[in-house]
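Below is one structure, written out as structure tokens, with a few remarks after it.
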Amino acid sequence: MAEDNQQDETSDITLFDIAWDDVLYTKVLPLLSLRDLFNFRCCSRLSKQFVDGGFRRMKEINLSGNNHRHIERAFQVLAHNSGNIRTVNLAKCNWLQDALLWNFLRSNTKISKINLSECANITSASLQPIIIECKQLTVLKLAHCGWLTIGAMEALTLHHSKIQELDISYCGTLNERCILVFLLNCRRLHTLSLAYLPSVTDNLLYSIAKNSKEIKHLNVIGCQMITDRGVGALSLYCKGLESLMVRDCPYITERSLTLLRGRIFIDRPRNYQQQLHVAPNVAFPRLFLQV
């Protein structure tokens with residue numbers, strides 16, 4: 001009889017009787033995918049309460065390239081229930097719009113890393129919560145964001161000085177001046193991607209050499225206006241540089257790259273087939289005179 005009573009008591013124990021904070025949230029929840037969490041959330045009121053509590057503790061969200069037909073609704077649920085997100089990757093999310101992103105960012109002001117690259121259906125207005133309220137921001141990736149305006153870049157410069165990684169590749173609306181001002185304000189920058197920005201010239205490389213002493217990784221692929229002079233300035237002043245991406249830069253030759261080879265990674269081998277263009281008024285002996 002005693003054994004029967006013990007079995008009855010054991011059979012009444014459920015998953016939710018296990019300590020939520022000490023076990024379920026710390027050991028079980030990290031093993032579940034976002035789809036698993038939403039499927040589990042539909043099982044009962046208690047499971048919904050449990051998953052929503054998990055969303056409030058979640059620190060990282062990665063929806064990069066996820067364009068499932070129900071993902072927009074799922075993101076609305078995340079925006080409503082989360083509040084402690086630190087890292088978010090929404091690159092290539094075609095469903096993302098200003099209102100959705102705005103609500104999410106207003107609820108998660110502790111974000112330090114965010115990737116919005118190739119999000120074509122939002123505007124620079126959606127950056128306002130990032131600029132004004134996300135004071136811990138250190139990584140911002142906005143590659144292929146044609147909506148990024150000079151005004152938004154200036155506002156970002158005004159409110160943030162701790163950014164360490166910036167990717168604004170293919171953002172053709174930006175001019176060199178707004179990038180220069182940003183560099184003067186963000187002295188902790190260690191990773192910068194400016195690929196295929198037509199406004200980038202040697203003046204910008206001079207500014208990086210003089211002001212971005214902590215720069216480690218620089219991507220200027222496809223910047224057609226930079227020459228050996230700018231790369232020479234980097235070789236002279238950027239002692240911590242670890243990688244340099246300079247493919248499709250016709251005016252950069254081995255005359256300047258030789259100064260860096262052996263010290264850093266360069267994406268162009270020595271036998272790179274570059275076009276035989278000569279930049280106007282480029283004289284290698286004067287390489288560092290204008291730094």
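One-based numbering along the sequence shown. FYI, side chains are in, hydrogens and waters are out, and symmetry mates aren't considered; it's all heavy atoms of this structure.
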_side chain to side chain donor-acceptor pair (under 3.5 Å) for Ser193 and Ser169? Distances and angles first, verdict last._
CA-CA 6 Å; Ser193 184; Ser169 301; 2.5 Å; yes
_Does Lys113 form a salt bridge (charged side-chain N to carboxylate O under 4.0 Å, His left out) with Glu60? I'd like the steps, not just the answer._
CA-CA 9 Å; Lys113 301 177 182 180; Glu60 181 175 348; over 6 Å; no
*Run the salt bridge (charged side-chain N to carboxylate O under 4.0 Å, His left out) check on Asp22 and Lys27 step by step: do they pass?*
CA-CA 8 Å; Asp22 296 333; Lys27 304 297 183 181; over 6 Å; no
*Run the numbers on Asn84 and Arg86 for side chain to side chain donor-acceptor pair (under 3.5 Å), then give the verdict.*
CA-CA 6 Å; Asn84 200 35; Arg86 310 301 173 90; 2.8 Å; yes
_Full working for side chain to side chain donor-acceptor pair (under 3.5 Å) between Ser117 and Asn115_ = CA-CA 6 Å; Ser117 298; Asn115 187 348; 2.9 Å; yes
*Test side-chain contact (heavy atoms from CB on, under 4.5 Å) on Leu63 and Phe75 and set out the steps.*
CA-CA 9 Å; Leu63 298 178; Phe75 188 71; 3.8 Å; yes
*Using the salt bridge (charged side-chain N to carboxylate O under 4.0 Å, His left out) rule, take Glu133 and Lys110 through it: C-alpha gap first, then chi angles, then the decisive distance, then the call.*
CA-CA 8 Å; Glu133 300 185 37; Lys110 298 179 182 179; over 6 Å; no
*After noting the C-alpha distance and the side-chain angles of Leu101 and Leu90, does the key distance pass the side-chain contact (heavy atoms from CB on, under 4.5 Å) rule?*
CA-CA 10 Å; Leu101 183 58; Leu90 299 173; 3.9 Å; yes
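His160 places a side-chain N or O within donor-acceptor distance of the main-chain N or O of Ile130, the cut-off being under 3.5 Å. Looking at Asp17, its side chain does come within 3.5 Å of a backbone N or O of Thr14 through a donor-acceptor pair. No donor-acceptor pair closer than 3.5 Å links the side chain of Asn94 to the backbone N or O of Leu96. Of the possible donor and acceptor atoms, one in the side chain of Trp147 sits under 3.5 Å from a partner among the backbone N and O of Cys119. In this structure a side-chain-to-backbone donor-acceptor pair under 3.5 Å is present from Ser235 to Gly232. Put simply, the side chain of Asn185 gets close to the backbone of Thr157: a donor and an acceptor are under 3.5 Å apart. One N or O on the side chain of Asn108 and one on the backbone of Gly83 form a donor-acceptor pair closer than 3.5 Å. Side-chain atoms of Ser82 do not come within 3.5 Å of backbone N or O of Ile85 as any donor-acceptor pair. For the pair Asp202 (side chain) and Leu205 (backbone), a donor-acceptor distance under 3.5 Å is absent. No donor-acceptor pair under 3.5 Å is formed between the side chain of Arg188 and the backbone N or O of Ser212.
Note that the CG atom of Leu244 and the CZ atom of Arg261 stand 9.5 Å from one another [nearest 0.5 Å]. A distance of 10.5 Å separates CZ of Arg229 from CZ of Arg255, quoted to the nearest 0.5 Å. In this structure, Leu156 CG and Leu137 CG are separated by 7.0 Å, a value rounded to the nearest 0.5 Å. Expressed to the nearest 0.5 Å, how far CG of Leu204 lies from OG of Ser199 amounts to 7.5 Å. Annotation: the span from Cys223 atom SG to Leu218 atom CG amounts to 8.5 Å, rounded to 0.5 Å.
Every residue two or more places apart in sequence or in another chain that forms a side-chain contact (heavy atoms from CB on, under 4.5 Å) with Cys171 is listed here: Cys145, Leu148, Ile168, Leu174, Leu197.
Counting non-hydrogen atoms of other residues, nucleotides and ligands closer than 6.0 Å to CZ of Arg106 gives a total of 12 or fewer. Annotation for Arg35: atom CZ does not count as buried by contact number, only 12 or fewer foreign heavy atoms lying within 6.0 Å. Open room surrounds NZ on Lys92; 12 or fewer heavy atoms of other groups in view lie less than 6.0 Å from it.
Leu29 and Leu46 fall within the same hydrophobic cluster, defined by Ile, Leu, Val, Met, Phe, Trp and Tyr side-chain heavy atoms under 4.5 Å apart, directly or through other members. The cluster map of Ile, Leu, Val, Met, Phe, Trp and Tyr, joined by side-chain heavy atoms under 4.5 Å apart, puts Trp95 and Leu142 in the same cluster.
Here Phe38 and Phe55 bring their ring centres to under 6.0 angstrom of each other.
Contact check on Glu154 versus Arg177 returns a salt bridge, with a Lys/Arg side-chain nitrogen under 4.0 Å from an Asp/Glu carboxylate oxygen. Here Asp52 pairs with Lys48 in a salt bridge; the nearest charged N to carboxylate O distance falls below 4.0 Å.
With Lys216 as the partner, the side chain to side chain contact (heavy atoms under 4.5 Å, CB included) test is satisfied by one option alone out of Gln164, His190, Glu165: His190.
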